[in-house]
Protein chains: 2
Amino acid sequence: MLRKLPIRKKLMAEDADRARKSIGARRNPDSADAILDAAEAVLVESGYSSFSIEAVARRARAGKPTIYRWWPSKAALLFDVYQRLKRVENPDTGNLEDDLVGFLKNLFSHWHETSSGSVFRSLIAEAQSDATVAAVLVEYTKGRHAHTGQMIERAKARGEVAADVDSTLVADLVASFAWTHLLTNRLNEDEATLRRAVGYVLKGIAADDAGSVDAAAVRRRRRRIIG
Amino acid sequence: MLRKLPIRKKLMAEDADRARKSIGARRNPDSADAILDAAEAVLVESGYSSFSIEAVARRARAGKPTIYRWWPSKAALLFDVYQRLKRVENPDTGNLEDDLVGFLKNLFSHWHETSSGSVFRSLIAEAQSDATVAAVLVEYTKGRHAHTGQMIERAKARGEVAADVDSTLVADLVASFAWTHLLTNRLNEDEATLRRAVGYVLKGIAADDAGSVDAAAVRRRRRRIIG
DNA sequence: TATATAAAACGGGCCGTTCCGTTTCGTCAA
DNA sequence: TTGACGAAACGGAACGGCCCGTTTTATATA
């Protein structure tokens with residue numbers, strides 16, 4: 001309920017305001033939630049262009065100093081809003097292609113249908129003009145790639161994937177595809193396109209791919225699983 | 001030299017200011033170049049966060065109305081700055097892997113060493129809060145993917161790549177990788193990593209890849225070409 | 001004369017900060 | 001257990017500053 005340390009610590013080591021966090025620092029959790037709710041609402045309803053501290057404060061019926069007390073910047077607030085949102089879980093169908101397609105499908109619809117897409121886009125945009133956010137974002141993506149890479153690692157353990165494959169790099173490729181589609185309003189790709197894209201990463205596009213026919217059959221067979 | 005129609009027409013059909021473009025519209029080309037120069041300089045020296053019309057005007061010793069006369073928004077100005085920069089040409093080594101690796105290598109160093117990286121990052125960021133830029137950016141990327149896709153099409157013609165491959169989608173994958181690395185300050189990847197990433201797209205990561213040994217030999221042989 | 005120009009000023013919005021007076025909540029003595 | 005105290009949060013208002021996009025004015029140019 002009551003967090004002892006200010007949220008702002010997440011993004012910034014403050015030298016100032018030492019007095020506050022010395023003992024007291026008893027923030028009103030309802031107020032913090034109201035502010036995060038308002039931030040998310042403003043972002044969804046009016047878009048990133050009109051996302052300002054003042055707008056959030058108005059919406060939350062909070063004072064600007066209250067926001068600045070706990071979040072050092074617009075970006076820190078954005079990041080907390082994003083952190084609060086649910087994440088997409090990695091599928092585990094026993095087949096890497098289905099795992100990756102399912103992952104992308106879930107991610108796209110999650111971004112599209114909830115506010116997390118807007119929030120994440122804003123976060124990326126903000127990172128382009130705020131070095132602190134940029135650093136946090138890079139760290140975050142590293143973690144996400146490692147997490148996504150577990151799907152590839154599982155496929156390795158099954159012998160589905162060569163042992164010397166850099167699973168993080170593969171995750172990077174897949175996530176990059178998702179990022180750019182988010183950033184350019186192309187989250188409507190149908191499953192066939194996603195499957196094709198994943199397939200290119202998985203099987204390559206070489207004409208002399210000996211397994212191509214078999215692979216197509218396997219693909220058809222497994223399409224049922226992920227529905 | 002002297003463009004008859006305002007640059008702003010590129011991004012926006014103006015209904016207002018009809019009088020100006022009727023016959024007159026004799027813009028001072030030196031002034032326009034000075035403004036674009038100033039915009040680029042501000043962007044490179046102070047970053048996107050301090051890129052404002054006023055800053056550009058100050059730097060160019062121009063009046064704000066002069067800028068607004070010819071560019072409808074900050075975004076339009078940004079886009080013209082980017083358009084003015086040199087593009088990366090597609091390599092044609094006769095081998096798709098080398099083409100793609102060379103393309104990425106050139107793109108990364110071009111983004112890294114010239115101002116085009118900063119400008120493009122800013123453009124993407126701006127697109128997240130300006131629908132007009134977003135539309136222009138999508139159109140632009142479509143064209144770029146088609147252009148990059150020509151490398152894949154050439155490989156198709158050589159029989160290097162299956163005929164039913166969606167070359168635009170492959171270009172999308174490769175470009176997406178580049179985008180996210182630009183957006184997260186990871187343009188320093190060494191060539192080996194680029195080659196590995198491209199290799200995953202080209203040959204897949206399936207363990208039962210029959211051609212993997214031969215492919216590695218071919219790769220070693222051809223590495224000389226692109227240096 | 002007609003047009004583009006630079007410069008200045010406008011109203012408006014948001015920034016991040018500083019005050020104000022009020023409310024909340026942990027502490028501690030009665 | 002109660003109640004007063006004080007620290008620290010709170011909402012609200014206002015500040016100087018920057019930038020927005022526009023308007024006005026006077027100057028230079030062809």
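All chains are named by letter (A, B, ...) in the order of the sequence lines, taking the proteins before the strands, and each is independently numbered beginning at 1.
- Residue B/A62 is classed as a sugar-phosphate contact, given heavy-atom separations below 4.0 Å to backbone atoms only.
- A side-chain donor from one of B/H181 and A/D172 sits under 3.5 Å from a side-chain acceptor of the other.
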(request) Evaluate the side chain to side chain contact (heavy atoms under 4.5 Å, CB included) criterion for residues A/V174 and A/H145: first the C-alpha distance (whole Å), next the side-chain angles of each, then the deciding distance (0.1 Å), finally the verdict. (result) CA-CA 9 Å; A/V174 174; A/H145 289 174; over 6 Å; no
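- In this structure, A/E54 places its CD atom 7 Å from C1' of C/dC15, rounding to the nearest Å.
- Between A/I53 atom CD1 and D/dC18 atom P the separation is 20 Å, expressed in whole Å.
- Here A/F177 and B/F177 keep their ring centres 6.0 angstrom or further from each other.
- Rounded to an integer number of Å, the gap from A/R69 CZ to C/dT24 P is 15 Å.
- The nearest whole Å value for the distance from the CH2 atom in A/W70 to the P atom in D/dC10 is 6 Å.
- Of all nucleotides listed (C/dG16, D/dC19, D/dG21), D/dG21 comes nearest to the side chain of B/Y68.
- When each of A/S52 and B/G63 is assigned the nucleotide of DNA chain C bearing its nearest heavy atom, the one mapping closer to the 5' terminus is B/G63.
- The nearest whole Å value for the distance from the CG atom in B/L77 to the P atom in D/dG21 is 11 Å.
- Between the CG atom of B/D130 and the P atom of D/dG21 there is a distance of 10 Å, given to the nearest Å.
- Within 6.0 Å of CD in A/E89 there are 12 or fewer heavy atoms belonging to other residues, nucleotides or ligands.
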(request) Check step by step if side chain to side chain contact (heavy atoms under 4.5 Å, CB included) holds for B/L96 and B/R154. (result) CA-CA 8 Å; B/L96 182 54; B/R154 280 200 303 264; over 6 Å; no
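- Phosphate proximity of C/dC14 to A/R58: present, with a side-chain N or O under 4.0 Å from OP1 or OP2.
- Nearest to the side chain of B/P65, among C/dT17, C/dT5, C/dA8, sits C/dA8.
- At whole-Å resolution of the value, CD1 in B/I35 and P in C/dA6 are 7 Å apart.
- Scanning atom types as modelled, no donor and acceptor separated by under 3.5 angstrom connect the side chain of A/K64 and the base of D/dG11.
- What separates CH2 of A/W71 from C1' of D/dC10 is a distance of 13 Å, to the nearest Å.
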